[in-house]
Amino acid sequence: MQDPSTLASRSPRAVILIDLDCFYAQCEHVRDPALSTTTPVGIQQKNIIVTANYAARLRGVGKLMLVHDALRACPDLAIRNGEDLTHYRAYSKQIWATLRAHFPAPCAIERLGLDEFFIDVTDAPVHPDSETGQLPGDCHAVGDLAGDDLLAVEALVSASWWAHTARHHILTECGFTTSAGIGPSKLAAKLVSSLHKPNLQTVIAPAMVAVYVAGLPFRAIPGLGSSVRKALREHFPTITDSTTVADLTTLLPTAAAWARIAGARVGPTLAALCRGIDSSLVIDTPTTPTQLSVEDAFASPTPSITDLESRLFTLLQSVLARFDTELGAPAVPKSLRVTIRTRSSGFKRTSASAPVVGGLRWRADENAVLRVARGLLRKLVAGGVGGAVDVGDVNLINVALVHFDVPSSSTAAGAAQPTLLAQWARAGPRAAVLDGGGETTGPVHDRAARARLDLNDIAARIRPDLHDDDDVLVLVEHDDAADRMAILMACPFCAASVAPWSWDVHMVAHDADDNID
DNA sequence: CTGGGCTGGT
DNA sequence: ACCAGCC
Ligand SMILES: Nc1ncnc2c1ncn2[C@@H]1O[C@H](COP(=O)(O)OP(=O)(O)OP(=O)(O)O)[C@@H](O)[C@H]1O
Ligand SMILES: [Mg+2]
Ligand SMILES: [Mg+2]
């Protein structure tokens with residue numbers, strides 16, 4: 001028998017991906033039961049029908065379709081405005097809470113967007129209904145489950161029953177129908193989840209994954225986005241939308257070949273995904289998000305900077321209100337970010353952010369926050385690198401609260417806290433190894449453990465130019481809000497810890513201080 | 001006249 | 001600060 005402490009978690013996982021059917025549209029049906037599901041309903045955001053119920057889809061309305069085209073396809077489409085995500089967010093949270101209640105601790109639950117939930121049930125008990133070896137009645141299978149490795153099949157039959165009961169709970173406790181995919185990895189679960197829908201589920205056996213993936217159009221691979229597609233088309237002019245993953249593997253047979261197209265980090269990952277290999281883990285989604293933002297897009301040109309500022313203030317009020325209701329007392333945002341987009345720059349955005357000393361305490365001084373936001377907007381419109389921006393050309397504003405500091409229970413207890421920074425101030429860049437630096441023996445579920453890296457490696461990686469000669473400390477601090485480790489550098493002048501990418505500009509700021517003196 | 005968000009990497 | 005990716 002192996003020592004339990006070194007026993008690695010089972011390697012082929014049992015992963016469920018639950019996807020809410022036409023989520024925003026279903027939210028409207030749940031909120032307003034008088035709205036019949038047999039009448040076609042579309043959800044509008046500005047000029048887009050972002051999703052539609054299945055009655056509408058039968059009439060030719062698709063996702064992310066222009067309102068004009070949707071109405072042309074289905075003139076009697078009932079349209080609801082979905083620009084305010086508040087209610088959708090609330091339903092999503094309720095669904096997450098339901099899943100969390102039925103799939104506690106050893107199971108991880110990861111949320112993607114508002115309407116997808118990965119559940120890792122590898123370490124859940126065998127489902128009582130899976131004894132017969134039969135699948136749930138609404139569960140399709142890709143390929144022949146019986147032909148696969150017996151143990152693997154038992155795990156996935158049980159997982160299929162867990163998916164079935166999870167969906168049952170979401171239906172009876174929240175009122176939503178869902179579809180699901182079940183497989184030995186996140187990749188497998190995700191790819192089969194949309195095969196049979198709505199209100200159905202699909203399982204795929206481990207031995208089927210590679211061949212199934214190979215037959216898909218290559219754009220179906222999660223992680224292969226528009227940028228990589230563009231690079232692929234430039235290297236291989238023969239590539240079309242119907243090119244399959246198998247075709248691509250012929251063109252790019254090795255991870256090294258992929259790296260030349262997609263980079264040293266993404267390339268090898270994509271090479272593995274194209275072979276159906278995905279060792280990524282389901283990671284529990286933290287209860288507090290890492291950022292909170294509100295944005296508004298507007299087509300008609302804004303006549304003046306004053307007009308822009310009034311939009312900005314409305315968004316700021318909105319995001320602060322959201323912060324109060326969703327995060328409440330303990331968390332304190334440490335920085336404010338304003339982002340704009342201009343028509344002429346396509347879909348690229350430019351942003352400016354400002355740290356707020358001691359955290360953003362707008363209840364004490366709301367005007368101060370408004371002034372900071374206005375200053376950021378003016379900085380953006382004045383233009384940083386590319387010259388001034390035409391005010392009338394701005395067609396989107398985003399206001400974000402970032403870097404939440406939620407005092408952990410130990411730090412909240414009071415007493416001024418020298419903390420990690422002080423403890424490490426004398427330790428030197430290569431002295432500390434986080435958490436004893438123990439080897440991890442198997443899949444690791446928590447984010448903190450994932451960051452169990454040698455600081456020497458980190459320092460060398462992020463700023464090789466500074467690592468050896470300069471008196472710079474690299475810190476790995478626990479970000480309590482996100483429950484993950486953050487890599488920071490300690491400023492020798494002001495005792496702040498700054499992100500590596502902002503180190504240089506931080507130093508420039510100190511130079512400016514000196515000039516003032 | 002292509003949304004309104006979010007996470008993670010450099 | 002910006003980019004790429006996801007819904
Ligand atoms: N690019 C996007 N921009 C804005 N909203 C989006 C975008 N992609 C997805 N959404 C919203 O997120 C929700 C979930 O997306 P998803 O792709 O699962 O479609 P869906 O509406 O749930 O339909 P389906 O039944 O096919 O899952 C949708 O309701 C959709 O409106
Ligand atoms: Mg989805
Ligand atoms: Mg969905």
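In what follows, every chain begins at residue 1, and chains take the letters A, B, ... in the order their sequences are listed. Remember, predicted model here, so these are calculated numbers, not experimental data.
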For [X] and [N], is the shortest distance between a side-chain N/O and OP1 or OP2 below 4.0 Å?
X	N	result
A:S353	C:dA1	yes
A:K46	B:dG4	yes
A:R265	B:dT10	yes
A:S293	B:dC6	yes
A:R349	B:dG4	no
A:T290	B:dT7	yes
A:K63	C:dC7	no

Residues two or more places apart in sequence or in another chain: which of them pass side-chain contact (heavy atoms from CB on, under 4.5 Å) with [X]?
X	result
A:L195	A:V142, A:V192, A:T202, A:Y212
A:R349	A:E295, A:T339, A:R341, A:L396, A:N398
A:D32	A:A34, A:L35, A:R80
A:K93	none

Where along residues 225-234 of chain A does a heavy atom come under 4.0 Å from DNA chain C, residue by residue in number order?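 Residues of residues 225-234 of chain A that come under 4.0 Å of DNA chain C are, in numerical order, A:G225, A:S226, A:S227, A:V228.
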
Using heavy atoms and a sub-4.0 Å distance, could you list which residues of residues 81-94 of chain A are near DNA chain C? By number, please.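 When residues 81-94 of chain A is checked for heavy atoms under 4.0 Å from DNA chain C, there are no hits whatsoever.
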
Stems involving DNA chain B, each a run of at least 3 consecutive Watson-Crick or G-U pairs under 3.5 Å: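 When the pairs of DNA chain B are grouped into runs of at least three, the stems are B:4-10 with C:1-7.
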
Would you call the rings of A:Y24 and A:Y88 parallel, tilted or perpendicular if under 30° counts as parallel and over 60° as perpendicular?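 Rings of A:Y24 and A:Y88: parallel, as their planes differ by under 30°.
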
Listed partners of A:S179 passing side-chain hydrogen bond (donor to acceptor under 3.5 Å, both in side chains), at least two apart: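 In terms of side-chain hydrogen bond (donor to acceptor under 3.5 Å, both in side chains), with neighbours along the sequence ignored, A:S179 is linked to A:D21.
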
Give a yes-or-no answer on whether the side chains of A:T244 and A:D247 include a donor-acceptor pair shorter than 3.5 Å.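 There is such a pair between these side chains.
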
Would you give me the side-chain donor-acceptor pairs under 3.5 Å for residues 59-75 of chain A, sequence neighbours excluded?
unit_1	atom_1	unit_2	atom_2	d
A:R59	NH2	A:D76	OD1	2.7
A:D69	OD1	A:R72	NH2	3.0

Of all residues at least two apart in sequence or in a different chain, which pass the ring pair (Phe, Tyr, Trp, His ring centres under 6.0 Å) check with [X]?
X	result
A:Y54	none
A:F218	none
A:H29	none

Among B:dT7, C:dC7, C:dA1, which is the nearest nucleotide to the side chain of A:K379?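 The answer is C:dA1.
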
For the side chain of A:Q291, counting heavy atoms from C-beta on, which of C:dC2, B:dG3, B:dT7 is nearest?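 Closest nucleotide to the A:Q291 side chain: B:dT7.
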
